[in-house]
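Throughout, numbering of the chain's residues begins at 1 and tracks the sequence. Remember, predicted model here, so these are calculated numbers, not experimental data.
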Amino acid sequence: MKIGSLMAIVTDNTEADTRHRILVVAERLFREIGYQKTTVADIAKVLRMSPANVYRFFDSKKAIHQGVARRLMGEVEDAAEAIGAAPGPATQRLRELLSTIHHMNSERYVGDAKLHEMVAIAMEQDWDVCKAHMEDIATTVGEVIAQGAASGEFQAPDVRLAALCTCTAMMRFFHPQMIAQCVDKPGPTLDQMIDFVLAGLAPREKKQPG
């Protein structure tokens, strides 16, 4: 390998590491003092670098915000994909998948008021990031439904539609703001909602009359 190519790889790795450290620190400050109160200067101070250096990697505070949101959402996506790829009955994996998404979003965004503020802003200003996340989750849900349809556990002629219907049905338990707003509102429990979704996916001939 040529020296120039090796140096480029080292530089790329260093830059990726710096971007990662900026996002880690930004997320910590967003949790501690809130997104609105955190400045790029605050982030730079913790990292012991100049604000100008931070701007080399992110051209604005909004870009940092997008990076943190993408990072947090990516963790949920990774957990969902791991469940989707695991062995076992599709019914059991879909239940675990829907439950895990709810609990991760509830614990991280609703249980932390300052991080919830960041999510609310993401929903308003960084819709593309949120849209990509929802599409990724729907894809993973669809893959499990497709596997269930292939094994005879589910009846889903249109897997994509079934995945979108499932995610829509679970919106009260997936959407951070809806989770927070519906905490004390009457409605089904998480398990009851998942039971309802699974019943809707079950092969028609297996349903009990009446």
For [X] and [Y], work out which heavy atoms get closest and say how close.
{"X": "S50", "Y": "A44", "answer": "C-CB, 3.7 Å"}
{"X": "A41", "Y": "P51", "answer": "CA-CG, 4.1 Å"}
{"X": "V141", "Y": "C167", "answer": "CG2-SG, 4.1 Å"}
{"X": "A26", "Y": "V68", "answer": "CB-CG2, 3.9 Å"}
{"X": "V144", "Y": "G84", "answer": "CG2-CA, 3.7 Å"}

Determine yes or no for a side-chain-to-main-chain donor-acceptor pair under 3.5 angstrom, with [X] supplying the side chain and [Y] the backbone.
{"X": "R160", "Y": "D158", "value": "no"}
{"X": "R93", "Y": "G88", "value": "yes"}
{"X": "S151", "Y": "G148", "value": "yes"}
{"X": "K61", "Y": "T38", "value": "yes"}
{"X": "Q192", "Y": "T189", "value": "yes"}
{"X": "Q155", "Y": "L201", "value": "no"}

Just wondering, do [Y] and [X] contact through their side chains at under 4.5 Å, heavy atoms?
{"X": "E27", "Y": "H65", "value": "no"}
{"X": "P203", "Y": "E153", "value": "no"}
{"X": "R95", "Y": "L198", "value": "yes"}
{"X": "V40", "Y": "F58", "value": "no"}
{"X": "V54", "Y": "I64", "value": "yes"}
{"X": "Q147", "Y": "F154", "value": "no"}

**Item:** M73/C130 under side chain to side chain contact (heavy atoms under 4.5 Å, CB included): CA gap, chis, key distance, verdict
**Value:** CA-CA 8 Å; M73 292 175 187; C130 299; 3.7 Å; yes
**Request:** Could you check I83, D191, T166 and say which one makes a side chain to side chain contact (heavy atoms under 4.5 Å, CB included) with L98?
**Result:** T166
Could you give the distance from [atom1] ([X]) to [atom2] ([Y]), rounded to the nearest 0.5 Å?
{"X": "T140", "Y": "I145", "atom1": "OG1", "atom2": "CD1", "value": "11.0 Å"}
{"X": "L72", "Y": "H133", "atom1": "CG", "atom2": "NE2", "value": "10.0 Å"}
{"X": "Q66", "Y": "R71", "atom1": "CD", "atom2": "CZ", "value": "16.0 Å"}
{"X": "N105", "Y": "H175", "atom1": "CG", "atom2": "NE2", "value": "10.0 Å"}
{"X": "S99", "Y": "I194", "atom1": "OG", "atom2": "CD1", "value": "5.0 Å"}
{"X": "I137", "Y": "E77", "atom1": "CD1", "atom2": "CD", "value": "5.5 Å"}

**Request:** List the steps, then state whether side chain to side chain contact (heavy atoms under 4.5 Å, CB included) holds for E81 with E143.
**Result:** CA-CA 9 Å; E81 288 168 12; E143 289 170 353; 5.8 Å; no
Would [X] end up clustered with [Y] when hydrophobic side chains under 4.5 Å apart are linked, directly or stepwise?
{"X": "V24", "Y": "M49", "answer": "no"}
{"X": "V197", "Y": "L161", "answer": "no"}
{"X": "M171", "Y": "L164", "answer": "no"}
{"X": "M193", "Y": "M178", "answer": "no"}
{"X": "F57", "Y": "V46", "answer": "yes"}

**Prompt:** Hey, are T139 and D136 close enough side-chain-wise for a donor-acceptor pair under 3.5 Å?
**Reply:** no
**Request:** Assess whether side chain to side chain contact (heavy atoms under 4.5 Å, CB included) is satisfied between I22 and T18, documenting all intermediate values.
**Result:** CA-CA 6 Å; I22 290 171; T18 302; 4.1 Å; yes
**Asked** Is D42 salt-bridged to K37, going by a charged N under 4.0 Å from an acidic O?
**Response** no
**Message:** I want to know whether H102 and F174 have ring centres closer than 6.0 Å.
**Reply:** no
